[in-house]
Structures are given as structure tokens and as C-alpha cells.
Amino acid sequence: VPDHPHPNELTRRLLLQRGAVAGAALSPLAAFLAACGDSDPSGTTTGSGAKASNAEVAEVTWALPFAAQSLDVVKVFDDATVHCLSNVLGGLLVFDDKLELQPNLAESWEQPDELTYRYTLREGLKFSDGSPLTSEDVVYSMKRSSGPKSTLVTFYGKVKSIEAEDERTVVVRMREPDALFKNVPAHPAGWVVSKRFAEQAGSKLGQAKTLTLGAGPYVVSRFVPSDLVELERNPHWWGPKAAVARISIKFITTNSTRLLAVRDGSVDGTFQVPLEEARSWEGLRDASIVEAPGIYFAGIAFNTRLAPFDDVHVRRAVAYATNNDGIVEGLLGGHAETAIGGCAAMPPLWGGNGLSPDESRSRMREQLKQYPFDLDAARRELAQSKVPDGFSFRLDYPDSYARLGRAFQVMKQDLSQLGIDLTVGEVPFNKYIAGVFNHEIPPALAILGIADYPDPMNLLYLLFWSEFARANAFNLANYDNPEVDRLFVENLASTDDAKRADLAMEAAALVSEDMPVNALWWENSLAAVNNKYVLEGFNGFYFLQPWGTHIKAAA
Amino acid sequence: VTSSALGLFIARRLAALAVLLVVVSFGVFALLYLAPGSIEQILLGTRPATPASIAAIRAEYHLDDSFLQQYWLWLQHAVTFDFGTSVRTGESVSTVIGDRLAVTLQLGVLAFAITILTGIPLGILAALRSRSAVDRGVVATAVAGISSPPFFTGLLLLYVFAVSLGLFPVFGAGAGLGDRFMHLALPAITLALTAIAVVVKLTRASMIQALEQDFVLAARARGLGEGRVVIGYALRNALIPVVTSGGLILGYMLTGTVLVEQTFALPGVGSLLIDAVGYKDIPVVQGIAMLATVVVVLANLVADVLYIVIDPRLRFGRAQT
């Protein structure tokens with residue numbers, strides 16, 4: 001196969017590119033630290049391998065790469081606020097480390113029909129100030145999240161009513177079936193604050209002088225916007241006592257500074273270690289990297305309404321010519337997972353709905369059309385298309401996402417062998433995102449996605465439902481397949497998890513045949529933890545869990 | 001005559017400040033208005049939004065009004081010192097900025113002090129050893145400082161003095177006076193390094209000129225000690241351009257903390273500005289822009305007044321110009 005690059009050649013090319021990247025990156029320190037002989041020559045480590053003990057820990061300092069401005073998630077739904085409050089508020093349900101829904105404030109729940117969810121609260125629940133938590137608080141909080149001024153209102157799109165049947169029972173009724181709603185009580189959109197406290201605070205809820213009041217394992221004792229949040233163990237929490245008494249959360253937005261802070265021990269751990277700099281972080285002597293499949297994907301949406309990508313053969317040709325594995329290894333150091341079947345919508349980690357992540361992966365490999373890197377297959381597809389001799393197109397990547405630009409450069413080289421001329425450009429992130437919201441879709445568009453919760457339908461439906469091919473929604477490929485739509489409707493109306501998994505897989509199989517979105521990767525989630533501590537059960541959705549209770553002293 | 005002329009001078013400058021504030025606020029407002037992205041998109045994030053939820057937010061922030069109506073609404077409140085509320089957090093802009101002002105002011109003033117206290121002696125040293133290796137070394141070092149980006153200088157200082165030597169903390173603002181000082185030392189040095197060269201070169205040039213003056217020769221001829229000649233005669237005359245530029249430098253120090261605050265994770269106005277621009281939080285950006293304008297204009301005004309006070313030739317008649 002003369003045109004097929006030799007694997008070693010390819011690796012070398014990618015490595016060269018990676019070297020160039022390290023030199024040019026805005027991190028003089030990554031190279032600098034390596035030069036200082038602090039790298040671990042024995043190779044990478046994933047976790048310190050230490051066992052956790054249940055010893056009492058007086059205090060840990062945890063860094064976040066973003067800064068919280070508010071402690072009210074209804075007003076500000078962003079990474080920083082969510083990370084701080086997941087230890088403090090919490091909802092009726094919670095995702096466990098296997099990403100299954102488990103009781104939290106509710107001791108049990110049922111779905112008597114597809115339109116009704118009924119939750120029964122634990123007995124004797126208390127907020128962190130000792131006041132009782134009743135169904136009134138839950139109803140108030142969910143109504144507040146679904147109110148017109150809430151940034152979380154979209155999670156309640158199909159909810160008709162939220163009512164307290166008695167002190168311990170909350171009933172949510174839907175206007176039409178929405179199987180995805182079952183995840184909301186474990187999502188920030190379902191977190192519970194004290195009604196009395198929130199009403200007294202009014203618009204000041206979550207501000208530095210007011211703070212907030214929840215029933216999670218920790219209570220906020222201090223909040224300095226842009227600077228820090230201090231948490232103390234909540235003596236009234238219903239669950240088993242957390243090992244760490246105090247958590248001091250510091251906001252350090254510059255990655256190199258964060259690396260130095262972990263290195264010198266003034267920070268005990270941090271989340272969202274940048275993938276491109278993972279090697280510098282792995283070289284730390286006193287800290288280890290913990291890694292899990294993550295929730296961020298990146299790829300390319302083909303506008304199925306515009307030439308040349310209105311032709312399925314063209315889309316498939318580009319997919320076959322995309323060296324996903326090479327990109328993941330070469331550009332992201334293996335800290336990502338190739339999207340199976342090129343289908344963006346199926347995160348590698350959905351374990352809910354009766355399937356383990358491994359089971360879902362193997363089913364995806366079986367049922368979805370696969371696009372292994374194969375330039376001959378790409379040539380055959382292109383020959384069947386309306387543009388057999390090739391064409392040119394443009395891909396702009398958002399400037400804050402340089403790794404996507406580098407992946408496009410790798411694609412450019414492979415595509416040129418098919419006579420396809422790809423021009424790679426850079427666009428300011430705000431301009432990019434405005435175009436996405438306004439649904440101004442060029443023939444091919446960089447696409448970045450984040451899963452909201454571990455449900456196979458989450459992104460599948462947001463990205464490929466025909467009704468979402470409009471402004472302020474995210475069917476960016478303008479994908480329109482009535483059969484897929486029908487499977488979505490059936491899925492959302494079902495209360496049977498196994499059946500929903502089957503329907504989602506069936507829809508994803510159809511989507512993968514049509515190749516509207518060529519997903520490149522799902523990024524792993526990386527945490528760095530000082531070897532004095534262990535972060536238990538780390539997973540891509542850690543920030544929806546009370547992660548403070550997962551920090552233990554190393555045995 | 002002197003004080004009334006000075007009063008008039010100050011009054012005219014303050015009137016100019018008011019005009020400048022309107023111009024700057026209009027410019028910033030227009031730029032943010034034109035920048036891509038809209039508030040409702042930023043607030044609702046990457047979820048399919050319904051027309052109702054978009055309409056609710058657009059109504060709340062008057063986004064359906066025309067550009068001029070929106071600006072006028074802001075201006076009407078701003079003249080009564082009501083700068084509105086942050087789009088992101090709903091807090092009043094004065095509170096949001098006020099909470100972060102102390103760190104930025106302390107950082108700026110400390111950096112200014114370092115700049116002056118190292119820049120002037122180094123400038124004198126370079127002037128006294130003019131054209132020697134010492135002169136070239138001092139000037140070259142200062143220029144290297146001004147030429148390297150603050151985030152790089154900052155990380156280098158962090159690596160050497162905080163991580164390797166353990167003398168200073170790596171990040172944050174600290175609590176209490178002594179702790180705050182230790183936390184701000186490296187950031188302040190980083191910031192100072194971007195301006196010391198200006199002071200060194202000004203002092204040096206002005207000192208070399210002064211040392212060549214006849215009155216210096218006369219003082220030496222009268223047998224005065226070298227120290228007294230340099231400090232009492234040459235420096236006193238050489239300082240006038242340095243004092244004037246001091247106003248500019250102070251203004252720069254107080255408004256140029258953005259990168260340094262980011263590097264050292266300091267919760268100051270600079271970090272707030274980056275955050276507010278990213279989230280298109282127009283009221284907060286406007287508030288910071290107004291504050292920065294006032295600081296720069298006042299710092300310059302103080303320098304000009306000092307100039308008049310120091311230089312007797314400027315005291316009479318010429319103050320109006």
C-alpha cells in the first residue's frame with residue numbers, strides 16, 4: 001500500500017509535532033521543570049497506588065483552575081461554583097463512583113409511570129445549621145432552579161409541577177415524557193438549599209457575606225470571590241463522617257503556578273490537570289496523577305445541508321482519513337479515548353442504565369459503524385461521492401483550544417493524500433461560540449461538547465435531534481433522520497433502563513452510518529494528589545459528587 | 001496668585017477628567033456591545049434554550065433596547081455613582097470592585113515603591129559611572145526586566161524564590177499585614193521589573209546632564225564633599241523629570257496588574273477584569289474602566305502639581321499651560 005504511511009514514520013511525525021508544541025506552548029515551565037531533573041525516569045504513574053486509611057485529616061488545601069464569583073448555582077452555573085457547592089448542597093439523588101443513581105437526600109424513589117417521579121426523603125434530615133430539611137425545601141429549590149431567572153431552567157423543560165405530598169414526599173409531574181429528567185435530582189439543577197435561608201437572603205444568596213445553607217457533608221465557613229472557599233465538616237450530615245475536617249479551596253487560574261503550588265506542597269491536590277502538560281505533572285516527586293475517562297469531547301460537525309458535506313460519502317471519506325488513535329497518542333499523550341464509531345454522542349463512561357462502561361464500549365464497537373484510519377477506504381468513499389477528485393474546505397478552531405488546531409493540522413496532511421485541501425484557521429473563542437449559538441454553521445465546524453450526566457441519550461439527543469437544528473440549540477450538523485428522531489422519542493418515553501440503552505445504541509448506530517459528526521476524542525479527567533492523600537473512586541463526574549468525602553489519608 | 005492659579009489648573013484638569021470619563025465609558029460600552037456573544041447565551045450555557053428563558057433574560061438586562069438607550073440607561077445611573085449590578089452574580093458593581101481593590105492597591109503601591117527605591121539609586125550609579133561596565137550592566141539588566149513578559153518573570157521568581165528556596169509563598173494574597181506583605185513581595189517585584197528601566201534611564205540621563213552643569217562645577221570648586229554635590233545639588237535638579245514620570249508609573253502600576261495577578265493567583269481588580277470581559281459582564285468592565293481612568297488622571301495630576309511645587313520656575317504664571 002504505497003500511500004499508507006509507515007506506522008513509525010507517523011509516530012515520529014506526531015512526536016516532532018508534539019515537541020514543537022511543548023516549545024511553543026504558553027508554559028515555559030513545562031520544559032523548564034523537566035530540565036531541572038525532577039522528572040521521574042521510571043515512567044508515568046497513575047495514582048500513588050497507596051491504600052486509603054480512615055485516619056482523621058485536619059485540613060487539606062485543594063486548588064481549582066477557575067475562580068468562583070458566586071455560591072449560588074442558580075445564578076451562576078459554571079465549573080467553579082459547581083465544584084465548590086457539590087460538597088455543600090447536594091440533591092435528592094447522587095451518582096456513585098460507577099455512575100449509577102443512588103439515594104442521597106431521598107432514601108428511595110420510584111417512577112410509577114412515565115410522567116411521574118416520586119421521592120421519599122430520609123427521616124430526620126437536617127441542614128448544616130441543625131434546622132430540619134423537609135419536602136418544602138426540596139420543592140422550593142427545584143422551583144427556584146426552574147424559574148424564569150434561573151440559568152438551570154433548561155433542565156426542567158418538560159416539567160409540569162413540583163409538589164410536596166407530605167413532609168417527606170416530593171412528586172414531580174411531567175407535561176410529556178422525558179426519561180432524562182431522572183438525572184436532574186443528582187445534577188446541580190436539583191441541588192437543595194434551605195427555603196428559609198434563601199428567602200431571607202433574597203438576591204444576596206451565595207454572596208461573600210451571606211454564603212449559603214445546604215445539607216451536604218461540608219458547610220461553607222468563608223468565601224472570598226476570585227480567591228478561596230473554606231469548608232468545614234457538617235456535623236449534621238446524614239452520611240458517614242468525612243475523613244477531612246477542613247477543605248480550603250484556592251482558585252489558581254494560571255496552570256504553571258498551580259503546578260508549582262502542588263510541587264512545593266502548599267496545595268495538596270487539584271482537578272483538571274491540563275492534558276498537554278501532563279508529563280510535567282507526572283514528573284512531580286510528591287504527587288501522583290489520578291486519571292479517569294472524562295466528559296469533554298472534541299470533533300468536527302459536518303453541515304449536512306451544505307456541499308460538499310451534504311454527501312454521506314464525503315463525510316465518511318474524511319472520517320476514514322482521520323487518524324484518531326495517532327492524534328490521541330501523539331497530541332494528547334494518550335490522556336484521551338478515541339470516540340468509538342466516530343460518534344460524538346456516546347461518552348466512554350456512561351455506566352448507568354444497566355451497562356458498565358466496558359460493556360457499553362464493546363457494544364458500541366459491535367453495533368456502530370467503525371471508521372478505522374484507512375486511506376484506501378477513504379479513497380473508495382470519495383470515489384463514490386460527487387467530488388471524486390477532491391475538494392477544499394476550511395476548519396477554524398477556537399483559540400483557547402489549541403490542541404484541536406493541532407489535530408486539524410494532522411488531518412490536513414492525511415487529507416492532502418486524497419486530494420482534499422484543508423485550510424486550518426484560528427478564531428477567538430467568543431466569536432466561535434456566538435456563531436454556534438446563532439446557528440451560523442459553515443460546511444465544517446469545530447465542535448466541543450460536555451456531557452451533563454452519564455446518560456447515553458444526553459448528548460445523542462442534544463446533537464442529533466432534528467428539532468435542535470436551530471439557534472440556541474446544538475444540532476450543529478443540521479442532522480435530520482426521521483428514524484433516529486423516532487427512536488429518540490421512544491427512548492425518552494421509556495422507563496425501562498435496559499430498553500433505553502438498546503434504543504440509544506440503535507439510534508447511535510444509524511447516526512454512525514450517516515457520520516454527521518466526526519468525533520476525535522473524549523478527554524480523560526486528570527487529578528493530581530499529594531502522596532500523603534488518596535482520592536477514592538475518581539471518575540469523570542467527580543464534580544457532581546461530594547468529592548471532599550473521597551479524600552483520605554494514605555495508609 | 002500662586003494658589004488661585006493652581007486651583008484653576010486643578011479645576012480644569014478635573015473638568016477634563018469628567019469629559020474623559022464619558023468618552024472612555026462610551027468607548028468601552030461600544031466595544032463590549034460589538035464583541036461577539038450575548039449575555040443570555042453566556043448565562044444559559046450550552047443547553048438548548050427556550051424562547052421564553054431567552055426573553056426573560058433579555059428583558060432583565062434591557063438587551064432589546066437600542067445601543068444608545070442601553071448606554072443612556074447606564075450613564076444616568078453612573079452619574080449618581082450607581083454603577084449597576086454584575087450580570088454574573090447580581091452583586092452591586094461597587095461591592096464587587098471594592099472587595100478586590102485593596103489587593104490591587106497594595107500591590108501597585110508596593111511595586112511603585114520598589115521601582116522608585118531601586119530605579120533612582122541605580123540611575124545615579126549608572127550616571128556616576130557613565131559609559132563604564134557598571135553603567136552598561138545596570139542599564140542592560142533593567143532593559144531585560146522591561147522586555148520580558150510579567151508571566152514569565154513571575155514564574156521564574158516563583159520557581160527560584162518560592163519553590164526552590166522556600167522564601168515566599170507560591171500563590172494567594174495572605175491574611176494579616178506581615179503575611180500579606182510576604183504574599184505580595186514577589187508579585188510586586190515582578191511588576192516593578194517592568195518599569196524600573198524607565199526610572200533608571202530617566203534618572204541616568206538627567207543626572208549626567210546635571211553633573212555637567214556649572215553649579216556642580218562651582219560646588220566642587222568650593223570643596224564640597226562628593227556626596228553633598230551629588231545628592232544636594234545634582235540630584236535635586238535632576239529629579240524633576242523623574243517625579244513627572246512617577247505619576248505615569250504609579251498609574252501604570254495600579255492599572256497594569258492584570259497579568260501579575262493572574263500569575264500569582266491574587267484576587268484583585270485585574271483578575272476580575274479578565275473574568276468580567278470573558279463573561280461580557282458590561283457593568284463590571286465599565287466600573288473598572290472608570291476607576292482606571294480616574295486613577296491614571298489623578299496620578300498624572302498629582303505629578304504635575306508636584307512638578308510645579310518642586311520647580312520654582314514653573315510656580316509663577318506658567319501653571320495654566
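Worth saying up front: this structure is predicted, and the values here are computed from it rather than measured.
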Check: Which pair of heavy atoms, one from B:T89 and one from A:K75, lies closest together, and at what distance?
Finding: O-CD, 3.1 Å
Margin query: Show the nearest heavy-atom pair for residues A:P225 and B:P267, with the distance to one decimal.
Written below: O-CB, 4.1 Å
Say you draw a straight line from [atom1] of [X] to [atom2] of [Y]; how long is it, rounded to the nearest 0.5 Å?
{"X": "A:F251", "Y": "B:D275", "atom1": "CZ", "atom2": "CG", "result": "10.5 Å"}
{"X": "B:F151", "Y": "A:S256", "atom1": "CZ", "atom2": "OG", "result": "9.0 Å"}
{"X": "B:E91", "Y": "A:S70", "atom1": "CD", "atom2": "OG", "result": "7.0 Å"}
{"X": "A:K209", "Y": "B:D99", "atom1": "NZ", "atom2": "CG", "result": "5.0 Å"}
{"X": "A:T253", "Y": "B:L266", "atom1": "OG1", "atom2": "CG", "result": "10.0 Å"}
{"X": "B:L165", "Y": "A:D264", "atom1": "CG", "atom2": "CG", "result": "12.0 Å"}

Tell me if the [atom1] atom of [X] is crowded by more than 12 foreign heavy atoms within 6.0 Å.
{"X": "B:F161", "atom1": "CZ", "value": "no"}
{"X": "B:F67", "atom1": "CZ", "value": "yes"}
{"X": "A:K158", "atom1": "NZ", "value": "yes"}

Next item on the list: Tell me, out of B:A55, B:A265, B:G268, who's got the most heavy-atom pairs with chain A below 4.5 Å.
Entry: B:A265
Checking heavy atoms, do the side chain of [X], its backbone, both or neither come under 4.5 Å from chain B?
{"X": "A:K250", "value": "side chain"}
{"X": "A:D72", "value": "neither"}
{"X": "A:T81", "value": "neither"}

Margin query: Go through it in stages, so that I can follow the logic: the residues are B:F264 and A:T257, the test is side-chain contact (heavy atoms from CB on, under 4.5 Å), and I'd like the CA-CA distance, side-chain angles, deciding distance and then a yes or no.
Written below: CA-CA 7 Å; B:F264 290 90; A:T257 310; 5.8 Å; no
Notebook entry, point to check: Is there side-chain contact between B:F171 and A:L260, with heavy atoms separated by less than 4.5 Å?
Noted result: no
Notebook entry, point to check: With a 4.5 Å limit on heavy-atom distance, are the side chains of A:R263 and B:V170 in contact?
Noted result: no
Margin query: Between B:V284 and A:Q69, is the side-chain contact (heavy atoms from CB on, under 4.5 Å) condition met? List the steps.
Written below: CA-CA 12 Å; B:V284 172; A:Q69 307 297 344; over 6 Å; no
Next item on the list: Using modelled atom types only, decide if a donor and an acceptor are shared between the side chain of A:T254 and the backbone of B:Q262 within a distance under 3.5 Å.
Entry: yes
Margin query: Applying side chain to side chain donor-acceptor pair (under 3.5 Å) to B:R100 and A:S226, what does each step give before you reach the verdict?
Written below: CA-CA 9 Å; B:R100 292 160 176 84; A:S226 301; 3.1 Å; yes
